[in-house]
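Here the structure is a predicted model, which is why all the values come from computation and not from measurement. Throughout, a chain's letter reflects where its sequence line sits, starting with A, and its residues are numbered from 1. Keep in mind that the numbers below use all heavy atoms, side chains included, and drop hydrogens, waters and symmetry copies.
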Amino acid sequence: MSYKQVHRKILRALQKEDLRKGSEAATKDELKKRRYAIEAHKYSLKWAEDVKNAKSSMLSDIESSVEKFREAFEGKNKHFYFAKTPENLKNIIYSIIKPGDVGVKSKSMVGEEIELRQFMEGKGIKIYETDLGEFLIQLANEKPAHMVTPAVNMSEERARELLEPVVGEKLSDVTSMVLGVRKFMRKIFFSADFGMVGANALSADTGSVIFITNEGNGALTSTLPDKLIVITSVEKIYPTLLDAIKAVTTQAIFSGFEYTTYVHIINGPYDLYGPKEIHLIMLDNGRIREDDLKETLLCIKCGACQFACPVFQVVDGAWGHIYTAAIGVPWTAITNSKDTARSLAAFCLECGKCREVCPMKIDIPELIRKIRAKEV
Amino acid sequence: MLTNNVEIKAEKLNSYEWKVKDLVIDDKIGTFSKVFQNHGGYFFAVDRKALYDTMSGIVKGRSSLVYTNLRAEYEEIVKKLGLDRVIRLDKNSKVDAKKALFDVEVGIMEPDALAAESGSIILFDFDATKSFVAFLPEIFIAIADESLMYDTVPEAVGALIKKHNRLPATIQIVNGPSRTGDIENKIVRPSHGPKDAYLIMVR
């Protein structure tokens with residue numbers, strides 16, 4: 001994206017008063033929840049340090065970390081794949097599932113990053129996003145506005161317009177919308193050929209995959225279909241299962257959830273019911289590097305910096321490509337294009353609020369400055 | 001059939017410091033009750049004699065139930081509830097789970113552990129039966145006693161690894177009923193998981 005394209009996108013967002021008001025209200029609410037969550041769980045500040053240290057140790061030699069995880073993960077009916085590029089990942093996916101297959105998917109930023117759903121749909125593979133926010137984004141054919149709450153700016157009215165044709169009934173309020181989606185999706189969960197999930201954390205000692213949800217969509221996605229596919233990336237690896245549990249807890253608290261409703265720790269296929277095979281695809285896509293941008297990999301995707309950002313508060317996902325707001329700039333530089341990242345960097349106000357709220361203490365403004373100044 | 005469960009050197013996992021040093025909770029049950037209810041769960045502390053009445057009240061008006069991992073005494077109570085369709089889910093019951101559980105209304109089990117600080121119900125699931133019972137029905141009921149209570153999730157997980165000497169296929173941590181706030185931050189229950197989650201603490 002050029003500077004002009006980013007500028008136009010932001011101007012359009014500024015003109016939508018509903019969107020602006022919705023974004024401002026949602027972000028203030030999220031920040032309040034975050035402050036309360038940290039206050040209620042003071043140990044989370046120490047845990048954030050522990051998580052940073054654990055992550056740093058794995059990031060010091062990512063290739064070894066990947067190898068350690070692979071050794072621990074691989075086993076009977078558990079298949080590991082490494083994908084250097086998005087194209088590699090898509091080819092691997094296409095070797096595991098086929099046209100005509102129907103899948104259910106829970107949230108994955110890696111999937112968004114490489115436009116995986118669009119690729120699968122193009123190949124005749126029907127895939128349903130099961131997280132409500134992601135489902136709304138899918139129906140709207142838009143990009144997620146935020147890493148944790150992808151449809152944070154979407155109004156009830158817009159959600160109704162999108163859901164009524166799909167659910168096939170009039171939806172009077174948010175409750176009826178959610179229940180309508182539950183009914184619609186239930187049949188699909190039970191008949192899906194495959195489930196696809198992302199990972200919030202991985203543990204190198206046990207080869208475990210950990211992911212968190214509130215809706216229970218991840219639970220059904222990972223237990224009902226016969227085939228489970230995990231798509232993840234190299235920076236999610238932690239040395240131990242204990243580190244990984246701390247990481248997802250820290251992520252939830254700093255996101256403002258305190259605790260998510262569900263935490264799923266997958267170690268292997270079940271003995272009786274559930275998936276008979278697990279495929280895990282780990283993506284690089286620019287992450288294995290030694291330049292200053294490497295600090296970005298400490299990010300645990302809590303989204304706190306997005307809510308704290310004054311630009312995001314007014315235009316939300318308009319300031320970004322797939323990764324949005326402050327941390328979105330270095331993530332774009334790593335996974336997409338430095339030119340696009342530079343265009344985005346021009347709109348940073350350099351207020352430093354993102355750095356203040358980041359549990360990993362990433363110096364996001366400095367990363368943005370370096371991108372803008374072409375120092376990385 | 002060979003097990004697909006992960007065989008990990010338990011001695012290595014047992015060497016980790018699972019206990020969270022600065023987090024020791026005096027009133028574990030009180031804390032669990034408060035946090036679990038804050039998350040939208042229901043908590044009952046009852047005597048054994050009152051268990052039938054409590055469960056009867058919860059399942060009133062319902063006609064289908066699935067259960068797993070229940071001691072014989074609780075299994076008898078479940079059968080006494082008199083629901084039209086009662087499914088026992090384990091490796092001996094030979095149930096086509098997807099067919100049987102699509103519209104089942106209630107799921108009951110004894111969990112593997114509880115964590116007070118986060119109001120968590122913890123399941124060590126080797127064969128998906130516990131996951132199905134906890135996630136698929138509209139109402140999820142866990143029956144526990146104080147011996148299952150730990151201060152925190154890490155401590156509980158560490159204790160279960162020590163007890164079983166291996167990891168299960170999945171560890172599931174349930175902190176309440178399913179919910180979503182994805183439309184204008186308006187919280188709605190349920191989303192795809194249970195609408196109601198109950199923890200009955202038997203004294």
Select, from A:Gly274, A:Ser222, A:Ala219, the one with the greatest count of heavy-atom pairs under 4.5 Å involving chain B.
-> A:Ala219

Would you mind telling me which of B:Glu117, B:Gln172, B:Lys91 has the largest number of heavy-atom pairs within less than 4.5 Å of chain A?
-> B:Glu117

Can you check side chain to side chain donor-acceptor pair (under 3.5 Å) on A:Tyr43 and B:Thr152, steps first, answer last?
-> CA-CA 12 Å; A:Tyr43 64 84; B:Thr152 64; over 6 Å; no

Greatest number of non-hydrogen atom pairs under 4.5 angstrom with chain B, of A:Met177, A:Lys183, A:Glu30, falls to A:Glu30

Measure A:Val209 against the heavy atoms of chain B and call it side chain, backbone, both or neither at under 4.5 Å.
-> neither

What part of B:Ser118 lies closer than 4.5 angstrom to a heavy atom of chain A: side chain, backbone, both or neither?
-> both

Heavy-atom distances under 4.5 Å only: say whether B:Pro194 touches chain A with side chain, backbone, both or neither.
-> both

Just by modelled atom types, is the A:Leu224 backbone N or O under 3.5 Å from a matching donor or acceptor in the B:Lys98 side chain?
-> yes

Given the rule in the side chain to side chain contact (heavy atoms under 4.5 Å, CB included) test, do B:Tyr16 and A:Asp205 qualify, once you have shown the distances and angles that lead to the verdict?
-> CA-CA 11 Å; B:Tyr16 297 164; A:Asp205 58 349; 2.5 Å; yes

Determine, stepwise, if the pair A:Asn217 / B:Phe135 fulfils side chain to side chain contact (heavy atoms under 4.5 Å, CB included).
-> CA-CA 9 Å; A:Asn217 59 310; B:Phe135 299 140; over 6 Å; no

Is B:Phe102 atom CZ crowded by more than 12 heavy atoms from other residues, nucleotides or ligands, each under 6.0 Å away?
-> yes

Answer whether the closest heavy-atom distance between the side chains of A:Thr206 and B:Leu13 falls below 4.5 Å.
-> yes

Over all heavy atoms of both residues, which pair between B:Pro190 and A:Val178 is shortest? Give the atoms and the distance, please.
-> O-CG1, 3.3 Å

Shortest non-hydrogen separation from A:Tyr262 to B:Gly193 and the atoms involved | OH-CA, 4.1 Å

Looking only at atom types and distance, does a side-chain atom of A:Asp271 sit under 3.5 Å from a main-chain N or O of B:Asp127, one as donor and one as acceptor?
-> no

Answer yes or no: is there a side-chain heavy-atom contact under 4.5 Å between B:Thr170 and A:Asn267?
-> no

Answer with yes or no whether the side chains of B:Thr129 and A:Tyr273 bring together a donor and an acceptor at under 3.5 Å.
-> no

In Å, rounded to the nearest 0.5 Å, how long is the span from OG of B:Ser191 to CG of A:Leu132?
-> 6.5 Å

Ignoring hydrogens and geometry, is there a side-chain-to-backbone donor-acceptor pair from A:Arg186 to B:Asp103 under 3.5 Å?
-> no

Which bit of A:Ala151 is near chain B, if near means a heavy-atom gap under 4.5 Å: side chain, backbone, both or neither?
-> both

Do the side chains of A:Tyr270 and B:Ser131 get nearer than 4.5 Å, heavy atoms only?
-> yes

Considering only heavy atoms, which portion of A:Lys187 lies under 4.5 Å from any heavy atom of chain B: side chain, backbone, both, or neither?
-> both

Return the option, out of B:Ile171, B:Asn175, B:Ile187, with the maximum number of heavy-atom pairs under 4.5 Å with chain A.
-> B:Ile171

Are any of the side-chain heavy atoms of B:Lys99 and A:Phe190 separated by less than 4.5 Å?
-> no

Test B:His39 against A:Phe257 for ring pair (Phe, Tyr, Trp, His ring centres under 6.0 Å), laying out the working first.
-> CA-CA 10 Å; B:His39 290 160; A:Phe257 285 115; over 10 Å; no

Looking only at heavy atoms, the pair that brings A:Ser208 and B:Leu167 closest together is OG-CD1, 4.3 Å

Can you say whether B:Leu136 sits under 4.5 Å from chain A via the side chain, the backbone, both, or neither, judging by heavy atoms?
-> both

Side chain, backbone, both or neither: which part of A:Ile266 has an atom under 4.5 Å from a heavy atom of chain B?
-> both

Taking atom CD of B:Gln37 as the centre, does the number of heavy atoms from other residues, nucleotides or ligands within less than 6.0 Å exceed 12?
-> yes

Checking side chain to side chain contact (heavy atoms under 4.5 Å, CB included) for the pair B:Arg189/A:Leu179: CA distance, chi angles, key distance, verdict?
-> CA-CA 9 Å; B:Arg189 279 170 35 206; A:Leu179 293 179; over 6 Å; no

CZ of A:Arg182 to OG1 of B:Thr180, rounded to nearest 0.5 Å, is 12.5 Å

Are any side-chain N or O atoms of B:His192 and backbone N or O atoms of A:Thr130, one a donor and one an acceptor, separated by less than 3.5 Å?
-> yes

CG (B:Leu123) and NE2 (A:His264) are apart, to the nearest 0.5 Å, by 10.5 Å

Which atom pair, heavy atoms only, marks the closest approach of A:Met154 to B:Glu184?
-> O-CG, 3.8 Å

Indicate the atoms forming the closest heavy-atom contact of A:Ile245 with B:Pro154, along with that distance.
-> CG2-CG, 4.3 Å

Can you tell if the side chain of B:Ile183 reaches within under 4.5 Å of the side chain of A:Leu136, non-hydrogen atoms only?
-> yes

Inspect the surroundings of NZ in B:Lys163 and state if more than 12 heavy atoms from other residues, nucleotides or ligands are less than 6.0 Å away.
-> no

If you measure only the distance, is there a donor-acceptor pair under 3.5 Å linking the side chains of A:Glu215 and B:Ser178?
-> no

Check: B:Val20 and A:Trp47 side chains under 4.5 Å, non-hydrogen atoms | yes

Which heavy-atom pair separates B:Asp182 from A:Asp131 by the least distance, and what is that distance?
-> OD2-OD2, 3.3 Å

Side chain, backbone, both or neither of A:Phe135 within contact of chain B (heavy atoms, under 4.5 Å) | neither

